[in-house]
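Working notes, beginning with the structure itself.
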Amino acid sequence: MSKSSSDNPGKRRVRTRLAHAGRDPARYHGFVNMPVYRGSTVLYPDVAAIREKKLEYTYGRRGTPTIRALEDAVTELEGGELTVLTPSGLNAIACALLTLVAAGDHILVTDSTYQPTRKICDNLLSRLGVETTFYNPLVGNEIADLVRDNTRLVYVESPGSQTFEMQDLPAIAEVARSRGLPVIADNTWATPLYCNPLALGADMVINAGTKYFGGHADANLGSVTTGARLADQLKLTHGDMGICPGPEDVFLCLRGLRTMAVRLEQHRLSALEMARWLDAQPEVARVLHPGLESDPGHALWQRDFTGSSGLFSVILKPASDEAIAAMLDGLELFGMGFSWGSYESLVIPFDPSSYRTATVWQSEGPALRFHIGLEDVEDLKADLGEGFKRLTAAR
Ligand SMILES: *Cc1c(COP(=O)(O)O)cnc(C)c1O
């Protein structure tokens, strides 16, 4: 946990910051990259140092130079005051929520949120006496109607997991500010490269570093970044829960940041091309991708974001479970698996009607979520083209 160390990072453009944030080669014998610090015990030079508590590092659980470097980099990229790291994105969400709630409180969470976030609310928070209202992601400033005397925070995720609804964060944040409520935003889809929720009115930002920070499906990590107002509270909760990420995962995410801009640029272009191609296939009813002009959330996306990433969904025309299985089981380049953000393409079938509570999910047919990796798009089209043939044959 540390404040951004750069003198005036705001002056530099984001690609430059990705290459330089959280680095200080002069302190590490000139080596370009921060070493992987492992360890629990930190030795104090003398009794006075123990009494004065002046050491920068006091105990492995409380931070290492490797952890601090990534914290600094994320703080700088998100434009916050303080970042804490967690062993997973989900742990970052739990840490942010637990920082702000107490028994008897009520919170507002978007119905389009990442499903495990919903589980934190329904299980852990509910058991602690915190009540959640899931709200329509398209609510905008009508969120005011849902605020109660004991409401303590508003949670947004834009675009929504799986279904990609865009939320009007500035409108929601304005209402929240007028009621003194902090807003937490999950920024995993956009990364700080394509959206800065703090600048749009959010008070805490979540990133699942597991996805694009790491970018190679070989690390688990999360971050919470906040402005000055909630920094002490966040630090306290993070410390009390003894949260410390694995050193190797921190290193891999720090390394991943250096190439994130070039990777994301390719994910962005390839995903847009694949989304347009899918939109033109006769088996497809609709594509859910806010970067497409035809998407209902496109105007909000254009106003608040500077790019789109590799993840989007498709609604197919009606097809049997067997036909979907025939299509997906035979794919050679698209793996089936959760998580995303790595260099490889993925597809997963999903059904939002099974978990939504504030809104009724209506769709023409089965839904598929795609992550477009760094493969050549012509090969991806050929693989999916064969898949659509199997789908049609099995229909
Ligand atoms: C994956 C994901 C998370 C959780 O990250 P983990 O590191 O897998 O725990 C949180 N939010 C969103 C939007 C995600 O896609």
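In listed order, ligands and their atoms are each counted from 1. What you are looking at is a predicted structure, and each value in this text was computed from that prediction instead of being measured.
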Stacked cation flag Arg118 on Phe134, 6.0 angstrom / 45 deg: yes
Check: Leu316 and Phe388 side chains under 4.5 Å, non-hydrogen atoms: yes
Pair Phe334 and Phe370, ring centroids less than 6.0 Å apart: yes
Stepwise salt bridge (Lys or Arg N to Asp or Glu O under 4.0 Å) test for Glu174 and Arg177: CA-CA 5 Å; Glu174 196 183 323; Arg177 199 177 313 114; over 6 Å; no
Residue pair Thr110 / Glu157, side-chain donor-acceptor N/O under 3.5 Å: no
Co-membership, hydrophobic cluster, residues Ile143 and Leu200, 4.5 Å side-chain: yes
Would you mind listing each N/O atom of ligand 1 next to any protein N/O under 3.5 Å, plus the distance?
residue  : atom   : partner : partner atom : Å
ligand 1 : 7 (O)  : Gly89   : N            : 2.8
ligand 1 : 7 (O)  : Thr210  : OG1          : 2.5
ligand 1 : 9 (O)  : Gly89   : N            : 3.2
ligand 1 : 9 (O)  : Leu90   : N            : 2.8
ligand 1 : 11 (N) : Asp186  : OD2          : 2.7
ligand 1 : 15 (O) : Lys211  : NZ           : 2.7
ligand 1 : 15 (O) : Trp340  : NE1          : 3.1

